[in-house]
Amino acid sequence: MVIDGPAGSGKSSTAKAVAAQLQIQFLDSGALYRVATLVYLNCQKDYQKFFEQLEESEISFYFKKKKFHVFLDGRDVSDEIRSMEVSENVSEVASNADVRIFVNELMREVVKHNDYIADGRDLGTAVFPDADLKFYMVADLETRAKRRLDEVRSSGKDVTLEEVKQNIAARDDKDSNRSSDPLKKADDAILVDTSEMTFEEQVAFISSKIKETISLQDKT
Ligand code: DC
């Protein structure tokens, strides 16, 4: 099962709650691009060093108690990858075709072993085109910026709504217009506009669609 959509549309928090409710695994593909960005920043933005370092890095993750934990070479970087510095550089790193191949291979390998709900930008179109169920979540920019602001502030950073709004708008633009697997709704994805939905409504809607699909599969 996959949920794609722009930043702040609610896909990650919704997917986490659905995964916890249905007792399936959750995979945050954006977090993996953020870890790659951390490696890039640690290499002082030197692309050659970055690729060497990325190949050598050990990236691991797990989902527990509604939180997606990410480790880089054994260090928990779950909070660090949400910093504004990472957010400002992640679209550039994610637009690199070799980085996308690296992250996609990591994801395809891990989903072989369990049932997953994964969230991202291109999962329904490029990474898992045969997913059982696809959702595409959207919300207006103001709503998305307010949601992201709460997330960034809870990680201890002091930023303004305007800064978050600009970052999201710039990322929307880069993510939708890059040449490698841009942010795009898959033709067979269910469109979910969360601008006027409460969090509980989003979770209930997605969960019910998944349950419907599973019960249909059980009957065939
Ligand atoms: O979901 P997020 O905001 O944490 O994602 C961070 C960035 O990673 C986002 O700006 C675009 C990129 N990304 C991507 O290109 N493809 C994905 N499947 C997931 C995220």
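Model, not experiment: these values are computed from the prediction. Both ligands and their constituent atoms are indexed starting at 1 by order of listing. The residues of the chain are indexed from 1 along the displayed sequence.
The distance from the CG atom of N167 to the CG atom of L149 is 11.5 Å, given to the nearest 0.5 Å. To the nearest 0.5 Å, atoms CD1 (I81) and OH (Y33) are separated by 13.5 Å.
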May I have the step-by-step check of side-chain contact (heavy atoms from CB on, under 4.5 Å) for M1 and Y116, ending in yes or no? CA-CA 6 Å; M1 264 83 60; Y116 270 88; over 6 Å; no
Take V127 and S29 through the test side-chain contact (heavy atoms from CB on, under 4.5 Å) and record every step on the way to the result. CA-CA 10 Å; V127 190; S29 64; over 6 Å; no
Apply the test side-chain contact (heavy atoms from CB on, under 4.5 Å) to residues F205 and V18: give CA-CA distance (whole Å), side-chain angles for both, the deciding distance (0.1 Å), then the verdict. CA-CA 10 Å; F205 178 77; V18 170; over 6 Å; no
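Proximity to D175 (heavy-atom distance under 4.0 Å) selects the following atoms of ligand 1: 9 (C), 10 (O), 11 (C). Close approach of ligand 1 to S91 (heavy-atom distance below 4.0 Å) involves ligand atoms 10 (O). With ligand atoms numbered from 1 in the order given, ligand 1 contributes 4 (O) to contacts under 4.0 Å with heavy atoms of R82.
Side-chain contact between R144 and D172 is present, with heavy atoms from C-beta onward closer than 4.5 Å.
At the top of the distance list for atom 9 (C) of ligand 1, counting protein heavy atoms only, stands R121 NH2, 3.2 Å. The protein non-hydrogen atom at the shortest distance from atom 16 (N) of ligand 1 is R100 NH2, 2.9 Å. Closest to atom 19 (C) of ligand 1, if we only count protein heavy atoms, is S29 OG, 3.3 Å. Among all protein heavy atoms, the one lying closest to atom 18 (N) of ligand 1 is D122 OD1, 2.8 Å. In terms of protein heavy atoms, atom 6 (C) of ligand 1 is closest to R171 NH1, 3.5 Å. Closest to atom 4 (O) of ligand 1 among all protein heavy atoms lies R34 NE, 2.7 Å. In this structure, the protein non-hydrogen atom closest to atom 12 (C) of ligand 1 is A94 CB, 3.7 Å.
Of the heavy atoms in E92, none comes closer than 4.0 Å to ligand 1. At a 4.0 Å heavy-atom cut-off, ligand 1 touches R178 through the side chain alone.
Residue-environment remark: CG (D140) exceeds the threshold of 12 foreign heavy atoms within 6.0 Å. Sparse packing is recorded around NZ of K66, with 12 or fewer heavy atoms of other residues, nucleotides or ligands lying under 6.0 Å away.
Looking at T194, D193, T143, D4 one by one, the single match for side-chain contact (heavy atoms from CB on, under 4.5 Å) with V138 turns out to be D193.
The shortest separation from a heavy atom of M107 to ligand 1 is not under 4.0 Å, leaving the residue out of contact. Not close to ligand 1: K174, with no non-hydrogen atom less than 4.0 angstrom away.
For the residue pair R100/S95, the side-chain donor-acceptor check at 3.5 Å is not satisfied.
If you check each of N104, L27, D4, V90 against atom 7 (C) of ligand 1, the one with the closest non-hydrogen atom is V90.
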